[in-house]
There are 2 protein chains.
Amino acid sequence: MTKETTRERIITVADNLFYEQGFDHTSFADIAGEISISRGNFYHHFKTKDQILEAVIELRLKNTLAMIKEWEAASPCAKERIKSYITILDRNKDKIAKHGCPVGTLTSELAKLSHDAQGLANKIFSLFDEWLQIQFRDIGLHDEAALLSQHVLARSQGIATLYNTFQSDTFLKKEISLLLEWLEETCSTTTANH
Amino acid sequence: MTKETTRERIITVADNLFYEQGFDHTSFADIAGEISISRGNFYHHFKTKDQILEAVIELRLKNTLAMIKEWEAASPCAKERIKSYITILDRNKDKIAKHGCPVGTLTSELAKLSHDAQGLANKIFSLFDEWLQIQFRDIGLHDEAALLSQHVLARSQGIATLYNTFQSDTFLKKEISLLLEWLEETCSTTTANH
DNA sequence: GTCTATACCTGGATAGAC
DNA sequence: GTCTATCCAGGTATAGAC
């Protein structure tokens with residue numbers, strides 16, 4: 001484990017602050033304050049704030065990919081892998097209660113800002129989407145894979161948004177189990193089709 | 001139809017801009033520009049920007065209530081009324097594609113800003129929530145009303161977020177019909193319980 | 001690579017004339 | 001009730017010393 005470079009530290013802290021406070025509302029001073037660096041020093045590593053955003057999204061893409069690979073390593077069963085995705089809602093519940101879903105809230109914010117990096121941020125969504133599609137196809141649901149994947153994404157997003165608003169644990173628990181039930185049903189329908 | 005006062009014009013324009021660009025990212029200059037008023041003149045009507053936000057949320061609460069009353073007037077059947085809620089996703093699809101759900105994106109933004117008006121904004125959600133609960137109880141689903149209502153809210157939110165990101169019409173159409181199917185099933189389950 | 005100093009702009013907010 | 005002029009804080013970005 002080599003020492004983190006200043007550039008990496010900036011990205012890590014920016015990643016958290018963008019999630020906690022939003023991109024637009026996070027200033028250089030905020031980031032500089034957290035890592036005890038002068039504001040001027042920023043521009044040695046990044047020319048603009050947008051470049052920091054890009055680097056943060058790249059990091060998120062990398063981390064997302066790593067998480068997906070972990071799920072794949074943890075289980076060879078596609079259904080189990082999809083479960084891993086669904087249950088992040090429970091594993092990350094504290095952060096979601098405070099700041100919502102990191103993917104959904106960023107894309108929503110950038111959409112409103114008409115920001116150039118919007119397309120890049122959407123790629124995080126696409127990464128989950130394409131991976132979920134592969135899992136559904138693996139289960140045998142070839143034609144419906146795209147719509148099933150987006151169904152899971154949409155359900156998770158909605159659960160995250162409502163949990164962020166009301167922070168009801170009964171709601172969260174119930175919705176996760178409903179989504180897992182849906183998964184079981186969807187899979188069993190297919191095995192019947194075999 | 002009396003002439004709109006300047007105060008009302010400010011609120012109306014702010015309502016749109018907060019939706020389109022976000023609250024934090026909308027400046028007095030933006031609002032002033034749209035209605036051809038000087039920035040200084042603002043402070044005759046509102047002491048702070050936060051007060052404009054409050055007025056905007058109050059307006060949204062009023063408009064939401066009016067919409068709900070329309071749905072009630074349009075049909076005495078609770079199931080049909082819930083359908084009216086679900087199908088706003090289709091009726092407002094163009095705006096959702098561009099700016100997301102006005103309720104969900106505002107609450108998410110204010111949550112990140114730790115803004116005082118967060119509680120007030122959540123009331124718009126609560127308004128829908130309580131109304132949907134009444135409809136489900138009317139159908140006979142007394143005990144489950146709260147969770148069913150939040151289920152509908154979460155599903156709609158998720159659909160809005162994903163449509164905002166990917167703008168897939170096949171997705172939107174499919175998800176709306178799935179949610180309507182779910183509604184039919186949920187209602188028919190109950191009549192069986194009677 | 002890191003710092004200080006500083007330029008420049010935007011945004012919210014105020015004072016006071018009309 | 002509306003305007004202009006202005007203040008001040010905070011934001012991004014640059015220059016240049018160390």
Side-chain angles (χ1 to χ4, degrees), chain A residues 2-59 106 109-110 112-118 120-121, chain B residues 2-59 106 109-110 112-118 120-121:
Chain A
T2 56
K3 204 182 153 195
E4 223 182 5
T5 64
T6 304
R7 188 192 152 89
E8 284 164 346
R9 285 169 68 211
I10 292 174
I11 298 170
T12 311
V13 170
D15 185 16
N16 288 328
L17 288 176
F18 289 174
Y19 177 39
E20 293 166 9
Q21 313 181 334
F23 163 71
D24 199 49
H25 196 249
T26 300
S27 68
F28 283 101
D30 291 336
I31 304 171
E34 289 236 348
I35 51 177
S36 306
I37 246 179
S38 75
R39 263 173 300 158
N41 192 8
F42 263 102
Y43 295 85
H44 184 260
H45 302 282
F46 299 95
K47 277 201 263 296
T48 65
K49 191 183 174 185
D50 288 355
Q51 285 190 2
I52 300 181
L53 177 62
E54 274 179 39
V56 165
I57 299 174
E58 302 280 6
L59 176 68
L106 180 66
E109 184 185 356
L110 297 185
K112 286 205 198 278
L113 301 181
S114 306
H115 197 284
D116 289 339
Q118 202 184 332
L120 192 61
Chain B
T2 56
K3 203 181 155 194
E4 223 182 5
T5 64
T6 304
R7 189 193 150 87
E8 283 164 348
R9 285 170 69 212
I10 292 174
I11 298 171
T12 310
V13 170
D15 185 17
N16 288 328
L17 288 177
F18 289 173
Y19 177 39
E20 294 166 9
Q21 312 182 335
F23 163 71
D24 199 49
H25 196 250
T26 300
S27 67
F28 282 108
D30 291 335
I31 304 170
E34 289 235 347
I35 50 176
S36 305
I37 246 179
S38 75
R39 261 174 303 158
N41 191 8
F42 264 103
Y43 295 85
H44 184 261
H45 302 281
F46 299 95
K47 276 201 262 297
T48 65
K49 191 184 176 186
D50 288 354
Q51 285 191 1
I52 301 181
L53 176 62
E54 274 178 40
V56 165
I57 299 175
E58 302 280 6
L59 176 68
L106 180 66
E109 184 185 358
L110 297 185
K112 285 203 197 285
L113 301 181
S114 306
H115 197 285
D116 289 338
Q118 202 183 332
L120 192 61

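Every heavy atom of this structure was used, including side-chain atoms; hydrogens, water molecules and symmetry mates were not. A note on names: the letters A, B, ... follow the listed sequences, proteins ahead of strands, and every chain is numbered from 1.
With a 4.5 Å cut-off on side-chain heavy atoms, Leu106(B) and Ile57(B) count as touching.
Atom CD of residue Glu4(A) and atom CZ of residue Arg9(A) lie 7.0 Å apart, to the nearest 0.5 angstrom. Interatomic distance, CG of Leu53(B) versus CG of Leu120(B), reported as 7.5 Å (0.5 Å rounding).
Summarising the geometry, the separation between CZ on Phe28(B) and P on dG12(C) is reported as 5 Å, rounded to the nearest angstrom.
Ring geometry for Phe28(A) against Phe42(A) counts as perpendicular: the plane angle is over 60°, on a 0 to 90° scale with 30° as the lower cut.
For the segment residues 31-58 of chain A, the set of residues with a heavy atom within less than 4.0 Å of an atom of DNA chain D comprises Arg39(A), Gly40(A), Tyr43(A), Thr48(A), Lys49(A), in numerical order.
One side chain, His115(B) or Asp50(B), offers a donor N or O that lies under 3.5 Å from an acceptor on the other.
OP1 and OP2 of dG1(D) both lie 4.0 Å or more from every side-chain N or O belonging to Thr6(B). The phosphate of dG11(D) has OP1 or OP2 within less than 4.0 Å of a side-chain N or O from Ser27(A).
A donor-acceptor pair is defined here as one N or O able to donate and one able to accept, closer than 3.5 Å; such a pair exists between the side chain of Glu109(B) and the backbone of Phe23(B).
Closest to the side chain of Ala29(A), out of dG11(C), dG11(D), dT2(C), is dG11(D).
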